[in-house]
**Q** 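Structure in structure tokens, see below.
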There are 2 protein chains.
Amino acid sequence: MTTDNKKNKVENINTWISDLNSDAKAAVSVDCVIFGYDEKELNVLLIDCNMPPHLGKKSLIGDLVKSHETLDEAGLRILEQRTGLSDLYIEQVRAFSELGRHPLGRVISIAYYALIKIKNYEIKDSENKQLQWVPLSKISELAFDHNKILNDCYAQLKRRLRERPIGFSLLPKKFTLIQLQKLYEIILGLELDKRNFRRKLQSTGLLIDLNENQTDVSHRPAKLFSFDYEEYRKKKTFQSISFDI
Amino acid sequence: MTTDNKKNKVENINTWISDLNSDAKAAVSVDCVIFGYDEKELNVLLIDCNMPPHLGKKSLIGDLVKSHETLDEAGLRILEQRTGLSDLYIEQVRAFSELGRHPLGRVISIAYYALIKIKNYEIKDSENKQLQWVPLSKISELAFDHNKILNDCYAQLKRRLRERPIGFSLLPKKFTLIQLQKLYEIILGLELDKRNFRRKLQSTGLLIDLNENQTDVSHRPAKLFSFDYEEYRKKKTFQSISFDI
DNA sequence: TCAAAAGTGTTCAGCGTACACCCATGC
DNA sequence: GCATGGGTGTACGCTGAACACTTTTGA
């Protein structure tokens with residue numbers, strides 16, 4: 001190591017310390033695309049935007065990240081505050097940082113998506129209707145760059161649905177194969193063949209046949225299954241498991 | 001809309017304005033995993049870390065994001081400052097935000113990876129040897145959470161190599177199929193069958209046979225090809241193109 | 001003529017895909 | 001008994017994987 005080298009090091013440390021306390025800091029927010037599934041449609045939880053110039057539009061659910069929390073923790077906190085639900089599946093998608101994206105100044109936003117069974121959930125401040133489930137197909141212009149964020153999160157959801165067992169978190173613990181197929185069809189926007197779909201998902205060996213049937217239906221009752229998370233965790237550590245259909 | 005509703009809106013705006021100017025701000029950095037390919041190995045550009053308690057370790061190349069630039073712009077600036085190269089391929093991977101990740105306080109870092117042909121590039125401050133190409137296989141403990149960042153970026157590189165024509169940005173404009181195959185083998189860590197590899201990549205219809213040969217090799221000279229970026233841009237808008245092998 | 005690396009086709013198994021009829025229940 | 005949706009097996013084509021010999025050049 002040369003003297004030059006040492007000098008560089010000291011300069012670098014000092015530079016960083018002063019930078020960290022200057023206006024190099026930015027406001028950082030988390031925006032969540034909260035997908036809600038009701039066995040008919042895929043919905044997104046939106047809120048009325050109250051910030052000019054986006055008044056009258058809807059926006060995703062977001063908040064600034066606090067100094068004591070990670071991004072994942074901020075995402076979970078936002079979800080719990082808005083929906084009362086914890087232990088939801090969330091996943092980071094990517095950061096958005098266009099300079100003009102927020103009217104109040106520089107805000108870098110990290111996008112997450114989350115998955116909710118709508119049945120399990122009652123909107124907290126439903127009295128004033130600021131929060132709404134909106135079917136994905138009916139979402140038009142959102143505030144800020146939230147259409148971009150939504151697109152990226154939806155694309156990631158579709159990719160992940162084929163890779164990981166996330167569909168099961170949108171269904172009751174006991175579900176029929178028809179329910180599962182419909183979920184895949186609605187999220188992916190495809191029609192699937194019943195026999196091929198069943199063969200593929202059952203070939204994972206992770207669907208537990210509960211030997212129970214639906215009741216109170218006016219047709220042949222469907223068999224009920226549950227997903228074997230336990231076995232999935234074991235298997236995935238030493239083999240790759242796909243949920244592609 | 002009720003009066004309650006209006007009141008909420010005003011409060012929200014005010015909250016945001018004050019939050020944006022408070023300590024809700026965080027230092028935001030970009031860390032780049034700069035992959036350099038020399039037709040023998042995959043290397044990563046590392047720098048000696050000069051920050052306690054990580055003195056003596058190496059770290060990825062990074063810097064704080066400035067208030068007037070997007071994250072992509074910050075990534076490109078860092079690359080240009082360190083390597084003198086512009087117009088490189090970069091891609092965002094994800095944000096890292098663990099509370100203890102940086103010794104000087106809260107720093108949220110957005111990870112990028114970049115691709116460089118090592119031939120094209122001479123390390124700028126090579127006199128003091130702070131910057132070094134290190135073969136991926138020889139990288140051990142890095143500073144901060146940079147091993148995690150490296151792992152995630154390498155995983156993304158491997159995924160993308162199968163999806164997009166990024167391998168060609170690591171080879172000369174005119175390349176042989178053997179060079180291309182070796183690149184895939186080294187990056188993916190696999191051995192590939194020569195005939196199957198050729199068939200698959202040539203079936204994209206995007207390799208231009210230049211009707212030229214290698215010269216000055218002491219064996220049968222290989223044919224030279226180039227990649228048809230023009231055609232790729234056209235095709236990909238209306239069909240999905242894979243570079244899986 | 002030898003060494004070194006380039007180039008080239010075919011076979012087979014497994015997977016994805018397409019497809020039509022019978023079954024169990026409530027009314 | 002009929003309407004409603006649930007459940008099941010097979011045939012075919014395509015794609016991925018395995019595999020060995022000939023060709024061209026420089027030394």
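These values consider heavy atoms only, across backbone and side chains, with no hydrogens, waters or symmetry-generated copies. Just so it is clear, the model here is predicted, and its values are computed rather than measured. Each chain gets a letter, A, B and so on, in the order its sequence line appears, and its residues count up from 1.
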**Q** In residues 177-188 of chain A, which ones come under 4.0 Å of DNA chain D, going by heavy atoms?
**A** I178(A)
**Q** Does the plane of the ring in Y229(A) sit parallel, tilted or perpendicular to the ring in F227(A)? Use 30° and 60° as the thresholds.
**A** perpendicular
**Q** Is the number of heavy atoms from other residues, nucleotides or ligands within 6.0 Å of CD (Q239(B)) greater than 12?
**A** yes
**Q** Please report the interatomic distance CD1(I149(B)) to OH(Y112(B)), rounded to the nearest 0.5 Å.
**A** 13.0 Å
**Q** Is the cationic atom of R94(A) (NZ for Lys, CZ for Arg) positioned less than 6.0 Å from the six-membered ring centroid of F96(A) and within 45 degrees of its normal?
**A** yes
**Q** Just checking K194(A): base, sugar-phosphate only, or nothing, at a heavy-atom cut-off of under 4.0 Å?
**A** base
**Q** Should K58(B) and D48(B) be marked as a salt bridge (Lys or Arg N to Asp or Glu O under 4.0 Å) after you check the CA-CA gap, both sets of side-chain angles, and the distance that decides it?
**A** CA-CA 5 Å; K58(B) 293 186 177 295; D48(B) 289 327; 2.9 Å; yes
**Q** Give a yes or no on whether the ring-centroid distance for Y232(A) and F168(A) is below 6.0 angstrom.
**A** no
**Q** Find the distance F197(B):CZ to dT15(D):C1' and express it as a whole number of Å.
**A** 17 Å
**Q** How long is the span from the CG atom in L170(A) to the CG atom in L161(A), to the nearest 0.5 Å?
**A** 8.5 Å
**Q** What I want to check is whether the side chains of S29(B) and S109(B) have a donor and an acceptor closer together than 3.5 Å.
**A** yes
**Q** With nearest nucleotides of DNA chain C determined for D193(A) and R198(B) from heavy-atom distances, which residue corresponds to the more 5′ nucleotide?
**A** R198(B)
**Q** Any chance you could measure D63(B), atom CG, to R82(B), atom CZ, to the nearest 0.5 Å?
**A** 7.5 Å
**Q** Return the minimal non-hydrogen interatomic distance between L177(B) and Q202(B), and the atom names on each side.
**A** CD1-NE2, 3.7 Å
**Q** Nucleotide range of DNA chain C contacted by chain B, 5' to 3', under 4.0 Å to a heavy atom?
**A** dA4(C) to dT10(C)
**Q** Of all of residues 208-223 of chain A, which get a heavy atom below 4.0 angstrom from DNA chain D, listed by number?
**A** S218(A), H219(A), R220(A), P221(A), A222(A), K223(A)
**Q** Test salt bridge (Lys or Arg N to Asp or Glu O under 4.0 Å) on R160(B) and E163(B) and set out the steps.
**A** CA-CA 5 Å; R160(B) 292 297 189 230; E163(B) 295 170 357; 2.9 Å; yes
**Q** Nearest-nucleotide wise, let me know which of T176(A) and I245(B) is further upstream toward the 5' end of DNA chain D.
**A** T176(A)
**Q** Between R195(B) and dC19(D), does any side-chain N or O lie under 4.0 Å from OP1 or OP2?
**A** no
